[in-house]
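The structure under discussion appears below in the form of structure tokens.
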Protein chains: 2
Amino acid sequence: MSAHETLLIGEHRRTLDQRYRLSIPSDLSEQIQTSGPELILAKERPGCLSLWNANPWESHLNRGITWVTDKLKAGKLEQQTNQVLQLGRLLSTRHTPLQLAGRGRLVIPEGFREFLGVEPGGTLFVVGASVSVELWHPERWVEYLNQQMPEFRELFDELSN
Amino acid sequence: MSAHETLLIGEHRRTLDQRYRLSIPSDLSEQIQTSGPELILAKERPGCLSLWNANPWESHLNRGITWVTDKLKAGKLEQQTNQVLQLGRLLSTRHTPLQLAGRGRLVIPEGFREFLGVEPGGTLFVVGASVSVELWHPERWVEYLNQQMPEFRELFDELSN
DNA sequence: TCAAATTGTGGGATAAATACCCACTAAGTT
DNA sequence: AACTTAGTGGGTATTTATCCCACAATTTGA
């Protein structure tokens with residue numbers, strides 16, 4: 001591993017290959033698969049995708065569902081169906097189940113590519129979050145860091161060239 | 001709730017062939033047929049058709065009916081039997097039973113084509129909506145998403161912490 | 001009423017996308 | 001130096017979306 005791949009702990013630079021593939025660093029790929037190989041890829045914000053293990057994800061989803069159903073108790077019965085449909089549509093645009101291929105390699109599916117905004121051959125950042133792994137468009141990532149941790153601005157400016 | 005076996009999820013772009021046919025993605029077509037091959041196609045809203053398994057459809061429909069009878073009890077439609085008949089007629093043209101042909105192929109019947117508003121050779125989106133599969137006119141779909149985004153915002157946030 | 005045109009239905013063929021696999025390089029370890 | 005591990009590129013097989021044609025069924029029009 002070259003010294004340039006890791007900037008911070010849990011942050012890795014990767015290039016997207018011609019087939020929209022990238023390799024998840026082995027430590028992260030192991031961590032995220034500890035409770036099973038089924039993963040969920042989600043659109044987090046433009047320029048950022050997040051990767052979850054399906055099981056922890058389900059609990060998140062359940063929280064979302066209970067949140068919805070709580071709101072629903074106030075509503076009419078026939079409205080509930082609509083809410084369920086809406087939730088499904090939401091899940092459909094923003095999430096997709098997937099598994100890693102051999103060598104911990106991830107294929108970014110159609111529909112998520114434009115959202116990430118990295119073209120084949122381009123570089124991106126893989127960042128280990130607490131329970132998920134995030135894929136960042138490099139510029140969005142620097143933006144985000146500057147915004148969240150302005151005190152490190154100089155460091156990142158230095159690193160991004 | 002085990003979300004991924006139960007919920008119909010996924011967003012796919014498809015093109016309508018010259019004879020108003022399209023292929024339903026295999027995972028969705030399998031899932032929607034688990035409780036039998038009898039399906040119902042319904043007009044959801046202009047630019048959107050929904051495809052149901054006949055059994056869940058029953059309950060969905062029944063809710064619609066209780067909605068009607070509630071209105072009747074409230075006296076809103078009571079004296080206007082004409083309107084009730086009209087409503088029935090409307091409902092009957094609003095949905096039709098059908099089955100998928102080989103290769104998971106769906107023929108959009110006469111009467112539903114204009115409602116969807118996609119011409120032969122045009123593209124559309126196939127979207128999982130938890131309990132049904134929806135066919136969306138592409139522009140209506142992004143319109144809908146943009147419209148619902150603010151409402152979804154809260155749920156997004158709920159899902160991503 | 002019969003021919004012609006239109007529409008439904010199935011299936012073959014092709015091209016594209018994807019999954020699977022192996023080989024090679026670079027870096028790290030003993 | 002030999003060996004292991006991580007990451008990368010690419011060949012190939014397989015799936016599948018879609019185009020296209022053949023034929024059946026239905027409608028149209030003279």
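Values below: every heavy atom of this structure, side chains too, minus hydrogens, waters and symmetry copies. Below, chain A is the first sequence line, B the second, and so on; all start at residue 1. Just so you know, these numbers come straight off a predicted model, no measurement behind them.
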> So, is B/Arg14 near the phosphate of D/dA17, with a side-chain N or O under 4.0 Å from OP1 or OP2?
Replying inline: yes
> Hey, does B/Asp17 have a side-chain heavy atom less than 4.5 Å from the side chain of B/Thr15?
Replying inline: no
> Rounding to a whole Å, what distance do you find between B/Asp27:CG and D/dT15:P?
Replying inline: 15 Å
>> Any base atoms under 4.0 Å from A/Ala101, or only sugar-phosphate, or nothing? Heavy atoms, all strands.
In response: nothing
>> Counting C-beta onward and ignoring hydrogens, is there a side-chain heavy-atom pair between A/Leu85 and B/Ser132 closer than 4.5 Å?
In response: yes
> Given atom CG of A/Leu22 and atom C1' of D/dG10, what is their separation to the nearest angstrom?
Replying inline: 17 Å
> Between the base of C/dG10 and the side chain of B/Arg19, is there a donor-acceptor distance below 3.5 Å?
Replying inline: no
> Would B/Trp136 and B/Leu124 satisfy side-chain contact (heavy atoms from CB on, under 4.5 Å), going step by step from the backbone distance to the final call?
Replying inline: CA-CA 6 Å; B/Trp136 283 84; B/Leu124 54 88; over 6 Å; no
>> Whole angstroms only, please: what is the CZ-P distance between A/Arg105 and C/dT18?
In response: 15 Å
> Counting any heavy atom closer than 4.0 Å, what does A/Thr15 reach on the DNA or RNA strands: base, sugar-phosphate only, or nothing?
Replying inline: nothing
> Any N or O donor-acceptor pair linking the side chain of A/Arg21 to the base of D/dG10 at under 3.5 Å?
Replying inline: yes
> What integer distance in Å separates A/Ile108:CD1 from C/dA19:P?
Replying inline: 13 Å
> In whole Å, what is the span from the CZ atom of A/Phe112 to the P atom of C/dT18?
Replying inline: 12 Å
> Are A/Ile40 and A/Tyr20 connected in the hydrophobic side-chain network, where two residues link if heavy atoms are under 4.5 Å apart?
Replying inline: no
> DNA chain C: B/Arg103 or B/Tyr20, which has the more 5' nearest nucleotide?
Replying inline: B/Tyr20
>> Could you tell me how far apart B/His12 (NE2) and D/dT18 (P) are, to the nearest whole angstrom?
In response: 12 Å
> Rounded to the nearest Å, what distance is computed from the CG atom of residue B/Asp17 to the P atom of nucleotide C/dG8?
Replying inline: 11 Å
> Atom CD of B/Glu110 to atom C1' of C/dT6: distance rounded to whole Å?
Replying inline: 12 Å
> Is the closest side-chain heavy-atom distance between A/Lys43 and A/Phe112 below 4.5 Å?
Replying inline: yes
